[in-house]
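Everything on this sheet refers to the single structure shown next.
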Amino acid sequence: MKILGIIGTNSENSPTRLLMQFIKKQYDEKAEIELVEIKDVPMFNESKDLSDKEPFISIRKKIEAADGIIIGTSEHNRSIPSSLNSFLEWSSFSVHPFDGKPVMLVGTSITRQGSASAQLHLRQILDAPGVNAIVLPGNEFLLGDAKHAFDNDGNIEAQRTVDFLGTCFNNFLRFVKVADVLQTPDEVRFEPGDYKVTTKGHNGELPMVVSFSEDRIEDIEIDTTGETQGIADTVFERIPQAIIAGQTLNIDAVSGASVTSNGVVDGVAQAVKLAGVDPNILKKRPKPSADTVTTPLEYKTDVVVVGGGGAGLTAAVNVLQAGKQVMVVEKFPAVGGNTIRTGGPMNAADPKWQNTFAALPGEKETLEEILNMDEAEIDAEYLADFQELKKQIKAYIDSDGKYLFDSALWHRIQTYLGGKRTDLKGNEIHGQYDLVKVLTDHALESVKWLESIGVEFDPDEVSMPVGAKWRRGHKPLKNQGYAYISALQDFVNQNGGKILTDTPVKHILFENNKVTGIVGLNADNRKVIIHAKAVILASGGFGANTKMVQKYNTYWSKVDDNLATSNSPAITGDGIRLGQSVGADLVGMGFTQMMPVSDPETGELFTGLQVPPANFVMVNQQGKRFVDEYESRDVLTQAAIDNGSLFYLIADDEIKKTAYNTTQESIDEQVKAGTLYRADTLADLAKQLDIKPAVFEETIAKYNSYVDAGKDAEFGKEVFDLKVQKAPFYATPRKPAMHHTMGGLKIDTKTHVLDTDGVIIENLYAAGEVAGGIHAGNRLGGNSLSDIFTYGRIAGKTAVKETCEK
Amino acid sequence: MKLIGIVGTNADKSTNRTLLQYMQEHFADQAKIEICEVKDIPVFNKPSERVAPEQIRQLTDKITAADGVIISTPEYDHTIPAPLSNLLEWLAYTTQPLQNKPVMITGASYGVLGTSRAQTHLRQILNAPELKALVLPGKEYLLGHSLQAFNDKNVLVDTDKAQELDEYFANFVDFINKVKG
């Protein structure tokens, strides 16, 4: 435990100093005790704020770092010394280091009084709202006649006094722990969004919009139209800048404009309140230091990449490979984005390799379906490819191929057919042909390129990720998604690239209709300005931004406020907003992909019992089945949404054995934690789920009869495995979670970002989930990785070629 | 009658200074009030030599020559400002001019309470044996919302508060006369 002792007098020969030194010596083993002097702190003057100057600033930091404070006071004229008074005034003016700190008082006097009156004053002072310390009650340690209390070694002579001091000190150490509990966490959590408030201008109220992310005030926009120009312009610029830089409402007014200055602060305070946070917490924060407000960090480089996931790092490596400089700006403390969360397999048709694997039952039938498809259903731009594919398939079937078939064309047509959807408004969407063509023609090249920078793929397994529809997944030999990120990150670091983490990008620099760099904010709230010849946006989609999903959604009948996500919490659509700020067009924003069988709380897949779909038995909160469990992800998701989102996967002891994600130990833990339900009878299980037992038993009886019949009269399920019959029975709560956002910035095949007139925005490029148009209404599993590595490479190369080699 | 008015703060702007300036003008026919500042007094550090610095000596002379002292104090953290306690420490430790000197306490604050807690502390401090001032008992003057109390010519526009101050000042003049006996 760290205890700070404050010697509350500036007098050279004070017994109070002796007392504090004795305490430090005596209780050295019980706590880490440090003493500080206040004698060099200047006299408090509210007209000349020296709170951010030495020596006060060092003491303030020590107070803030300490678990508890002991103040030793002398008594001057029935009160505390003015030097201590002055010190406490500094500690309650623009900074409040004592706020919520446990404090113990001790005191001496040369008279018999022993600082009794001074300590009473001191208690009242420490209670004042500006100081707001938590003072140990009772335990009054008063050392009277203090000139004669110490021996030559500085020890208190009277053993009874030492004993009592020991009792007080022990009580204080216990009190510190209690006070720790009292400390209300001042962690703020804003309800993200834009809040409209007003602020005072010269000509009346001005509208103001304050934007919050979960943990920050992100933006303050004041509409000054209708305001006369003048000093207020400075206010409307400088005050919001200071508030954002310091994330504080403890802001000095611009001199000569205190009313408008305070108006802005009050307006933001109002917005803070609307966002669910007590503005007083922000008012107590330290003022923004001069550094953070005035001196930005400035860099110059060839290409700056926004986002350190797979797409961004790939672009960066390509810039370095072309011999140019690159900086990657990542908002989170570590790179990796969503890529690091993936299982790893990326789709790329590699027939030579795939042909060495035997075909599986059912694959030929899938190919035959293509031959039987009505060509009228195929969009014109894909028709030639479709017909060519049919020839390939026919040749394969005619040759009675026993091997795994594939081709870039088959990948292309699957991507196209898999992405073709119609939204609630009747808008049809499918992947933009040229983008899909580039993706499927160059995916294999991306695999080879990844191998060249050190990613090892498993040659012995061709995998089919969930929702991929065909076996063409190249899977890293080890470490899943981390395999990509570690190889890319190492390359960037070893080849002179610079990665700035903890630096969200706030603006794109845009001059004369050209992008010239970015402005970010680092962990110290310091502005980071990067001037660059090109900017590549690779910041991912908006899966972790439910408000944004709700805003654009045209596909799902309802998007829950408490929608979970499988995404990294960093994925909040930042790049899309940045692109829009310089006029970028958006495409397909209403279409998002949800993972229907996710953990209701975390969005994760790997909790509960995850079994093959043939063994899925889904019941809603009324205990009834509601869908063909073998359906595609978006059908399952919509069915779940229509049934109140939350549903249960039912399993018996045999089905449990087919779960691929868990162990008995983990199952027992989850049952104990209440995140998985288990019972010896169906009726008991139903009771746990708050479902009528009779309804649930009937549902299961019907399902079992369909398994026997091999046919589901109700919902048309055709692929069955096991019945639900052997105790114990399980119910895994599930809920659709946001998985991928298909829409985004409109790009062309060279990754140029296009504006709403279809014109290239000069020097701006985008790759990965931030861009739209490829996966359209639904993305095939394993296609994201193909996308980010293929378009990431193109973005890096194109940016260098067009902006650095002119 | 000669009085010393002490502004209990070193702040550039203080309604306590304004209050004393108002009193200086408003009671000019009854007393000559000289306003003294605490802002340039050195920091008290209980030096082993009990020698008053120049500023303290000058102020001591003025207090000694005066019939009474008015102290107008703000309230910081439930008590008086450090610059005022600094002055009182010097006076107590060196020249002790407040011994048996009639003192009237006033206080102005922006908030509603009008320095009530600071004034209670100040009374206790002035009671200390080395100060031993004769503080006018039974009365107090708390001027809350002091920013709104004056007009731009420093006139106390709150008529109730102005009348209360008139009565209080009259009591103080009586008190001084009785002490002089």
Side-chain angles (χ1 to χ4, degrees), chain A residues 7-17 37-49 73-93 96 98 109-111 113 116-118 120-133 255 258, chain B residues 8-17 37-50 73-93 96 98 109-111 113 115-118 120-133 147:
Chain A
I7 299 167
T9 172
N10 58 357
S11 162
E12 293 293 338
N13 301 308
S14 170
T16 298
R17 185 173 292 103
E37 294 277 359
I38 57 167
K39 59 184 175 190
D40 297 324
V41 177
M43 177 63 73
F44 176 75
N45 186 333
E46 67 170 41
S47 311
K48 200 174 171 208
D49 190 357
T73 183
S74 305
E75 177 161 314
H76 290 179
N77 308 314
R78 301 281 184 262
S79 190
I80 61 170
S82 58
S83 50
L84 177 57
N85 195 5
S86 165
F87 176 76
L88 292 170
E89 282 163 1
W90 284 122
S91 305
S92 61
F93 185 50
H96 305 268
F98 282 97
S109 76
I110 49 180
T111 64
Q113 286 285 321
S117 179
L120 288 178
H121 278 199
L122 186 50
R123 274 178 193 278
Q124 290 180 314
I125 292 167
L126 292 169
D127 260 351
V131 187
N132 207 28
S255 49
S258 57
Chain B
T9 170
N10 56 358
D12 291 345
K13 280 185 190 158
S14 167
T15 47
N16 283 286
R17 189 176 291 114
E37 296 284 349
V38 296
K39 60 181 164 191
D40 296 320
I41 295 170
V43 171
F44 176 76
N45 61 350
K46 212 174 178 188
S48 46
E49 300 286 318
R50 295 193 174 220
T73 183
E75 178 170 307
Y76 290 175
D77 301 332
H78 295 174
T79 192
I80 62 171
L84 177 56
S85 54
N86 184 59
L87 165 70
L88 297 171
E89 283 170 332
W90 276 119
L91 296 180
Y93 194 65
Q96 304 193 348
L98 287 174
S109 74
Y110 295 173
L113 294 180
T115 74
S116 67
R117 291 181 272 209
T120 307
H121 278 193
L122 183 54
R123 273 174 194 275
Q124 291 176 320
I125 291 167
L126 290 169
N127 250 346
E130 286 159 323
L131 288 166
K132 226 169 110 188
L147 272 182

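In the text below, chain A, chain B and the rest are named by the order of the sequence lines, each starting its count at 1.
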Check your understanding: Is it true that the side chains of A:Gln124 and B:His78 contain a donor and an acceptor less than 3.5 Å apart?
Key -> no

Review point. Which pair of non-hydrogen atoms, one from A:Asn77 and one from B:Ala92, has the smallest distance, and what is that distance?
Key: OD1-CB, 3.2 Å

Review point. For B:Thr73, which residues count as a side chain to side chain donor-acceptor pair (under 3.5 Å) partner, sequence neighbours excluded?
Key: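 Per chain and number, B:Thr73 pairs via side chain to side chain donor-acceptor pair (under 3.5 Å) with no residue.
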
Rounded to the nearest 0.5 Å, what separates atom [atom1] in [X] from atom [atom2] in [Y]?
X: B:Ser48; Y: A:Glu12; atom1: OG; atom2: CD; result: 9.0 Å
X: A:His76; Y: B:Leu88; atom1: NE2; atom2: CG; result: 12.5 Å
X: A:Ile125; Y: B:Tyr76; atom1: CD1; atom2: OH; result: 13.5 Å

Heavy-atom proximity to chain A below 4.5 Å, by part of [X]:
X: B:Glu130; result: side chain
X: B:Pro81; result: both
X: B:Lys39; result: neither

Review point. Heavy-atom distance under 4.5 Å to chain B: side chain of A:Ile80, backbone, both or neither?
Key: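 Contact with chain B is through the backbone of A:Ile80 alone.
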
Point to revise | Which atoms of A:Pro81 approach chain B - backbone, side chain, both or neither, heavy atom under 4.5 Å | key: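 Both the backbone and the side chain of A:Pro81 come within 4.5 Å of chain B.
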
Exercise for review: Answer yes or no: is there a donor N or O on one side and an acceptor on the other, between the side chain of B:Asn45 and the main chain of A:Lys39, under 3.5 Å?
Suggested key: no

Point to revise | Choice from B:Leu126, B:Thr79, B:Asp77, B:Leu131 maximising heavy atom contacts with chain A below 4.5 Å | key: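 Top option by heavy-atom pairs under 4.5 Å: B:Asp77.
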
Check your understanding: Which one, A:Ser82, A:Ala128, A:Ser11, A:Ser92, leads in non-hydrogen pairs under 4.5 Å with chain B?
Key ->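 Ranked by contacts with chain B, first place is A:Ser82.
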
Exercise for review: For the pair B:His121 and A:His121, name the ring-plane relationship: parallel under 30°, tilted 30 to 60°, perpendicular over 60°.
Suggested key: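 Judged by the thresholds at 30° and 60°, the geometry between B:His121 and A:His121 is parallel.
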
**Study point:** 4.5 Å side-chain heavy-atom contact, B:Asn86 and A:Met43
**Key:** yes

Check your understanding: So do B:Lys46 and A:Thr9 actually touch side chain to side chain, heavy atoms under 4.5 Å?
Key ->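 The answer is no, as the side chains (C-beta and beyond) never meet within the 4.5 Å cut-off.
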
Point to revise | Residues in salt bridge (charged side-chain N to carboxylate O under 4.0 Å, His left out) contact with A:Glu89, at least two apart in sequence or another chain | key: none

